[in-house]
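As the structure is a computational prediction, the values presented were derived from the model and not from experiment. Just so it is clear: chains get the letters A, B, ... in the order the sequence lines come, proteins before strands, and each one is counted from 1.
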Protein chains: 2
Amino acid sequence: MYTKNINTHLTEIKDYFKAAISIDCVIFGFDEDELKVLLIESDLKEFKGKWSLLGDIVHPDEDLETAAYRVLRERTGLEDVYMEQVQAFGGLNRHPAGRVITIAYYSLVNIQHVELKTHSNELHWHAVKDIKHMAFDHKDILATCYQRLQHKVIEQPVGFNLLPKKFSLRELQNLYEAILDVKLDRRNFRKKFFAMDYLIDLNEEEQEVRHRPAKLYGFNQDKYNQQHKKSLGF
Amino acid sequence: MYTKNINTHLTEIKDYFKAAISIDCVIFGFDEDELKVLLIESDLKEFKGKWSLLGDIVHPDEDLETAAYRVLRERTGLEDVYMEQVQAFGGLNRHPAGRVITIAYYSLVNIQHVELKTHSNELHWHAVKDIKHMAFDHKDILATCYQRLQHKVIEQPVGFNLLPKKFSLRELQNLYEAILDVKLDRRNFRKKFFAMDYLIDLNEEEQEVRHRPAKLYGFNQDKYNQQHKKSLGF
DNA sequence: ACAAAAGTGTTCAGTTTACACCCATGT
DNA sequence: ACATGGGTGTAAACTGAACACTTTTGT
């Protein structure tokens, strides 16, 4: 039955094994100086009370990324956010309902922009570092996505997606410290980001702080995109 | 029909959309100072004469990695080789036979160890840089896997998997130059690898060269694994 | 005046780059 | 002896890490 090769002889798939395909979104946010992830309480009897990622079956007329954006939209109302596919998870018994292969995505959202759609109690932001157990293999998926994010954030300035449009350098540093789980030197951190030259000085200051207010900056996404496009092109 | 969430309410998948799942292997080898990839000629009418990756449907009782190793074994006879999952490709019309979602893996093999199983003409090694067109979306898949390899090889010494057990530093350098598509300085290259301290001096020399013979080295995989385990543990 | 966090430069160490000559072998 | 690639060291430039005091605001 499986002697034919998917890339050569196979012209009909109807007689072949098929599995349900889902996507799972690891939706990261940043709040209270902590990296958070949006989870939903599972009510499958096997995982009663455990938290799970937000995911869904991929529809027949959807590609994977479309499905991931759909889930994100349905759960957070957000459309244009940073998202990256991480990898597939296809363990034999990862879903009690049968063979379900899932493709994991992570996305970076401004947590202030998220209005949890259903005002139910089932959706919650959790500090990544405090999560102990999860439903399915979601702890693995989260760990893999978190590692990927850590890796990404030191190579490219994607962290801005987790911050408000206007932010102080202290907030930016707190973000990096939270994601990478390290302490960074304030002067070196500032030096580095000013040198990268993607920060826009907004000539504004923090309000309502009971100490010297910090200056606010924005991220020059266009400038970053252009400079990065150049280096890809060649 | 799709109102239920895969991670919460769903207890039966039988009524849901399912797709065929395949894996595709990008099998890299190194020969004649070029990075090669093992391809098969597709005889699907849509891709007549085009080359495709080696892939197959994932079986019901196999996880993804098992399927990938099976394909590798069936096509090359090799068992213990370096392999890494890259990502899933799930475009709507990527396979003419229907919805097929594929998970891409790349592996690094010693090209000398590969005895092409079927001594047919359908399987061939191709220089990666010369490949123009491929069947399906395999050009995309190859490009993505190649980029991943380029990235990986500057972070971790996985390149050794493409070389024979005994190799000269020139061969090693040629490998890196081929993968990264750059010219490297010979002295700096040597300095760097000796400093990493994973090379074993075999006290042997090249034979049958018509110039000064190069010394041969081996890669100390155990030492690398141990030192790398440490840094993960903390 | 005090508390609390913002802002700012310099030095040192380690790493990366650039670069040219002699050596061992086969013909 | 010559052609071919093997093998080697040093100086300059750059990058990353360590480190302490002054400034601004609110109370």
Exercise. Hey, does the side chain of A/His138 reach the backbone of A/Ser52 with a donor-acceptor pair shorter than 3.5 angstrom?
Worked result: no

Exercise. Which residues, if any, of residues 185-194 of chain B bring a heavy atom under 4.0 Å of DNA chain C?
Worked result: B/Asp185, B/Arg187, B/Asn188, B/Lys191

Problem set entry | Expected output: side-chain A/Gln147 to main-chain A/Thr144 donor-acceptor under 3.5 Å | no

Exercise. Does A/Phe160 have its ring centroid less than 6.0 Å away from the ring centroid of A/Phe167?
Worked result: yes

Problem set entry | Rounded distance [0.5 Å steps], CG in A/Leu142 versus CG in A/Asp137 | 11.0 Å

Seminar exercise, completed: Rounding to 0.5 Å, atoms NZ (A/Lys132) and NE2 (A/His126) come to a distance of 12.5 Å

Exercise. Given atom CE of A/Met196 and atom C1' of D/dG16, what is their separation to the nearest angstrom?
Worked result: 15 Å

For this session: Fit a plane to each ring of A/Phe28 and A/Tyr146, take the angle between them on a 0 to 90° scale, and name the class: parallel (under 30°), tilted (30 to 60°) or perpendicular (over 60°).
Result: tilted

Exercise. Can you check the B/Leu172 CG to D/dG6 C1' distance for me, whole Å?
Worked result: 15 Å

Exercise. Starting at CG of A/Leu199 and ending at P of C/dG7, how long is that distance when rounded to a whole Å?
Worked result: 12 Å

Exercise. Which residues, if any, of residues 213-220 of chain B bring a heavy atom under 4.0 Å of DNA chain D?
Worked result: B/Pro213, B/Ala214, B/Lys215

Problem set entry | Listed once per pair and sorted, the ring-ring contact (aromatic ring centres under 6.0 Å, His included) pairs that draw on residues 169-206 of chain A, sequence neighbours left out | A/Tyr176-A/Phe189, A/Tyr176-A/Phe193, A/Phe189-A/Phe193, A/Phe194-A/Tyr217, A/Tyr198-A/Tyr224

Exercise. How would you list, by chain and number, every residue that makes a side-chain contact (heavy atoms from CB on, under 4.5 Å) with A/Lys166, sequence neighbours excluded?
Worked result: A/Leu202, A/Glu204, A/Leu216

For this session: Determine the interplanar angle of the B/His124 and B/Trp51 rings, folded into 0 to 90°, and report it as parallel if under 30°, tilted if 30 to 60°, perpendicular if over 60°.
Result: perpendicular

Exercise. In whole angstrom, what separates A/Asn174's CG from C/dA6's C1'?
Worked result: 13 Å

Produce the list of close N/O pairs, under 3.5 Å, pairing protein atoms with atoms of nucleotides 3-5 of chain C; give distances to one decimal.
none

Exercise. For the pair made of CD in B/Glu208 and P in C/dA24, what is the distance, rounded to whole Å?
Worked result: 22 Å

Each nucleotide N or O in nucleotides 12-15 of chain C that has a protein N or O under 3.5 Å away: list the pair and distance.
none

For this session: Please state how far atom CG in B/Asp33 lies from atom P in D/dG5, giving the value in whole angstrom units.
Result: 11 Å

Exercise. Do the charged groups of A/Lys223 and A/Asp197 touch, with an N to O distance under 4.0 Å?
Worked result: yes

Exercise. At what distance, to the nearest 0.5 angstrom, does CD of A/Gln112 lie from CG of A/Leu163?
Worked result: 10.5 Å

Exercise. Just how far, in rounded Å, is C1' of D/dG7 from CD of B/Glu205?
Worked result: 12 Å

Problem set entry | A/Leu162: which of A/Ile179, A/Val153, A/Val109, A/Ile111 passes side chain to side chain contact (heavy atoms under 4.5 Å, CB included) | A/Ile179

Exercise. Does a side-chain heavy-atom distance below 4.5 Å link B/Lys152 with B/Tyr106?
Worked result: yes

Exercise. In whole angstroms, how far is the P atom of D/dG5 from the CD atom of B/Gln173?
Worked result: 14 Å

